[in-house]
Every structure is written in C-alpha cells, then in structure tokens.
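Inspection log for the structure reproduced underneath, given as structure tokens.
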Amino acid sequence: MALLHLLATLAPDLGITMIVGHADHGLRPDAADTEANMVRQASTSLGLDCHVSQLNVSPYARNNGISTEEAARNLRYSFFDTLSKDTGANKIVVAHTADDQSEEILLRLIRGTGRKGLSGMALLRDGRVVRPLLTIEKNRLIQYLNDKGIPFATDASNTDRRYLRNRIRLDLLPYLATFNPNISQTLRQTAAILQEEDTLLDTMAQDWYCRLVSENTLAELPSAIIKRTDFNTLPIAIARRILEKMLIHMHTKPRYKHIESLMALASQGSGQIHLSHGLRAIASTNALQLFYPWGKKSCRAPLVNTGCSFSLRIEGPGRYTIAETGARILVESLSQRTNSDSIKNDPADFFDAAKISFPLTIRNQLPNDKLCPLGGNSNNTKKVSAILSAKKIPHQQRHTVPIATCNNQIIAILGFCIDDHVKITDSTTTLLKITVITTERNSALPLAR
C-alpha cells in the first residue's frame with residue numbers, strides 16, 4: 001500500500017503509467033477477500049486499473065515437490081509476468097524493504113550460497129523487476145501510512161513459525177541484535193559491498209565466457225563447448241561463474257555439486273559425467289562440452305563417444321591449426337570479387353565478409369546443430385548430422401568435421417555447406433575465404449588445394 005501511494009504520487013514527475021496487480025495465494029481465505037477489496041478501492045481512488053488473480057499455491061507446491069513459499073513466489077511472478085505482457089508494461093515494481101533484505105541474506109546463508117547470494121536482492125533484477133523500497137526500513141513505511149491515514153493490512157501468516165523466514169525475523173534477528181544492536185544495518189552494508197564486488201567478478205566472467213564458450217542457440221535443445229586449455233588457467237572464482245553461466249544456458253539450475261563436478265572434469269585429461277535431466281558433459285584434450293544427447297529427460301542410457309572435441313577461436317585472417325585433428329585452417333580476406341567459376345572449382349568456402357564479424361569459432365559438431373543450407377528457404381533449417389549423412393560421411397568420422405560459427409550462429413560446415421544467410425550476392429564487395437587443409441587424421445573432409 002505504501003508503494004502504491006508513493007508511486008501514484010510520483011508518477012507524473014517520473015512520466016510513468018501504472019497498473020495494479022494483486023495476487024491471492026489462496027492460503028488465507030478469511031482475510032483474502034478483505035485485502036483484495038482494499039487494494040481495489042485504493043486503485044479506484046487513484047484512478048488505476050486493478051487486476052486480481054486467484055493462485056492455487058498448495059496444489060502447485062505438492063505437485064512440484066517444493067515449499068509453499070517457493071510455490072507462492074513462482075506463481076506470483078508468473079502472474080506479474082503475464083499481466084505485464086498483456087498490458088504492455090515494461091517494469092514490475094515490488095515492495096521489498098530493507099528488513100526483507102536483512103532476512104533474505106540470513107536465509108540464503110543458512111541454506112548455503114556464494115558471494116552472489118550473500119549480496120542479497122538487487123534494486124533492479126534482470127532489467128525488469130524494480131525494488132525501490134529496498135533501502136527503506138519497514139517501520140518508516142508504516143509511519144508514512146499512519147501519517148497519511150492510508151489503510152493497510154497485516155499478514156497473519158507473518159507470525160507463523162512454520163516458515164523459516166518468519167523464524168529468522170522473529171527469533172534469529174532479535175537474538176543476533178543482543179550481540180550487535182545494528183545487525184540489520186550491518187548485514188545490508190555487507191551485502192552492498194559484496195554486490196559491488198560481485199558485479200565486477202560477473203563482468204570479468206562474462207568477458208571470459210564470450211572468449212571461451214561457444215553456444216548453439218539454433219538447435220531444439222541448447223548445447224555449449226568451452227576451450228579447456230584457457231579455462232584451466234583462470235582463477236577459480238571466474239571459472240565457477242563461467243560454468244554457472246553455461247548451466248543457465250543449458251536451462252538447468254546451477255547447483256554447487258554440478259559446478260564442482262564440472263571443475264573436476266575440466267582439470268582431468270578426459271572423461272564424461274551425467275548431470276541432471278539428461279544433461280551430459282564430456283571432456284577431451286582441449287574442450288569441455290555440455291549437451292543433451294537423448295533429450296532433456298532423466299535416463300540411464302550410456303554416455304556417448306563423440307571422439308575428440310575441439311574449439312578454435314579465429315581472431316581474423318591468418319593461419320590456424322586444430323590441434324586435436326591436425327587440420328589447418330587458412331582464413332583470407334579478398335578485397336575484389338573472385339570469378340564465379342573459380343569459386344565453384346575451389347574446395348574452400350566463400351562468404352560475404354560484410355555479413356560476418358570476428359572472432360569466429362571453429363568447433364566440432366554438437367548434438368542438434370542446425371543451419372540453413374545454401375540455396376534453401378531462409379526459414380528451412382536442417383540438422384548438420386543429416387547433411388553429413390547425405391554426404392556419405394561415416395558416423396565415426398563426423399566428429400572431425402569443423403563447424404564455423406559467428407556470434408554463436410553456425411555459418412558453415414567447412415568443406416561441405418555454408419549457411420544461406422552469409423552467401424555471396426550481387427551486392428557483395430568483400431569476400432571471406434576459409435580453406436581447410438586436411439591430414440591423414442582428418443580424412444572426412446575433401447582435400448583442399
């Protein structure tokens with residue numbers, strides 16, 4: 001209620017429009033209708049639309065095997081997300097206070113977390129969820145409501161000690177205050193320091209992630225590959241964050257035990273491990289891959305043998321070597337258009353240079369890789385495995401075929417097929433030429449001149 005009235009007062013100066021969303025979790029039927037009516041009346045008096053949603057928290061918690069608190073949060077934010085999309089709103093503003101921040105820090109510490117968790121809630125999450133009251137203590141907001149004569153409700157479940165957060169608020173924080181009367185402020189100050197440091201570490205990790213990790217975003221299921229040689233030289237704090245980002249890309253929760261298992265696998269010579277819901281990781285000489293070989297589902301199928309894995313970063317024109325296969329890569333920039341007959345007779349791959357930006361990544365095939373073959377419908381993608389099968393490449397040799405990617409999008413199966421989106425057209429002025437020079441260890445490719 002404080003948030004509602006404060007925002008309504010500031011809205012003209014902020015240049016914003018507001019829509020009110022009220023979630024009834026179905027946990028306190030005796031009070032829920034009264035509270036919903038209070039919100040409706042306040043919204044009407046302020047000239048705002050109010051949307052009330054009835055949520056079935058208890059069945060959702062039972063069906064998903066999660067706590068009532070987590071279920072309520074999931075459904076509440078799902079309602080907020082849907083409401084914002086339906087109404088065209090671009091921000092979700094919630095009323096977490098400084099007291100909530102102190103409780104959240106202790107809650108995460110008790111359950112186990114890292115620096116990011118101990119930094120508490122952010123004022124702005126994912127560029128979408130805003131917490132403007134996060135630095136204001138609850139008693140100040142209550143004083144504001146009382147001074148303005150604004151009605152508000154007290155949630156009776158806040159005194160229910162069955163919930164861990166309530167025990168932290170009612171028991172733990174008062175006990176800690178006997179050691180430090182300013183414990184809540186101390187926790188928030190510590191969180192602010194950790195949040196600034198976390199931002200720096202996250203920026204550093206993101207920079208390394210972009211350098212070392214190649215994602216497949218076109219396939220039905222995600223996959224990713226990281227260069228192990230460079231990864232293993234990184235500080236552990238950065239390495240863990242990179243693996244966390246990879247797991248998030250793979251649509252799985254980055255659990256501590258999974259990150260530690262991947263850290264151990266990356267430091268070994270080679271190996272393979274099962275993770276959750278069908279996710280597999282395989283390490284070879286220079287790469288660590290994450291993928292779903294049999295789909296995103298729990299299964300006990302044996303781990304796959306993908307041969308060797310590789311990931312080579314191409315910074316610009318020059319000569320490169322794929323250490324794992326022995327294949328050499330020649331990247332050239334051609335300022336003048338090459339005769340079309342010469343291109344047809346050249347086993348190299350030619351691209352419109354204006355449609356490609358460095359760095360490129362040349363890696364082995366990943367499960368469910370796709371591209372749009374040259375000359376095909378721009379919306380009609382085909383699996384790389386199907387293309388190689390049609391080219392009569394034996395299954396046991398396909399892992400040596402280099403896949404070229406730009407900004408995590410496949411631009412070519414080098415030596416076989418380029419993507420239609422980077423093809424040469426009449427308006428092309430500069431060409432990029434990539435030649436693969438094969439060896440005896442890499443006999444799947446046509447021999448380059």
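One-based numbering along the sequence shown. Note that the coordinates shown come from a computational prediction; the quantities given were computed from them, not determined experimentally.
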Given Gln185, Arg188, Arg169, the one that forms side-chain hydrogen bond (donor to acceptor under 3.5 Å, both in side chains) with Ser102: Arg188

Side-chain heavy atoms of Ile434 within contact of Leu360, under 4.5 Å: yes

Side chain to side chain, His22 and His51, heavy atoms closer than 4.5 Å: no

Are the side chain of [X] and the backbone N or O of [Y] linked by a donor-acceptor pair below 3.5 Å?
| X | Y | answer |
| --- | --- | --- |
| Asp349 | Gly415 | yes |
| Asp99 | Glu137 | no |
| Asn166 | Arg161 | no |
| Glu215 | Pro222 | no |

Chi angles and distances behind the side chain to side chain donor-acceptor pair (under 3.5 Å) call for Thr97, Asp100: CA-CA 5 Å; Thr97 67; Asp100 296 318; 3.2 Å; yes

Residue from Leu262, Val213, Leu290 passing side-chain contact (heavy atoms from CB on, under 4.5 Å) with Ile226: Val213

Electrostatic pair Glu104-Arg108, nearest N-O below 4.0 angstrom: yes

Donor-acceptor pair between Arg128 and Ser84 side chains, under 3.5 angstrom: yes

Shortest non-hydrogen contact between Arg162 and Arg167, atoms and distance: O-NH1, 3.3 Å

Where Ile362 and Phe310 come nearest, the two heavy atoms and their spacing: O-CD1, 3.9 Å

Chi angles and distances behind the side chain to side chain donor-acceptor pair (under 3.5 Å) call for Ser119, Asp198: CA-CA 8 Å; Ser119 64; Asp198 182 71; 4.7 Å; no

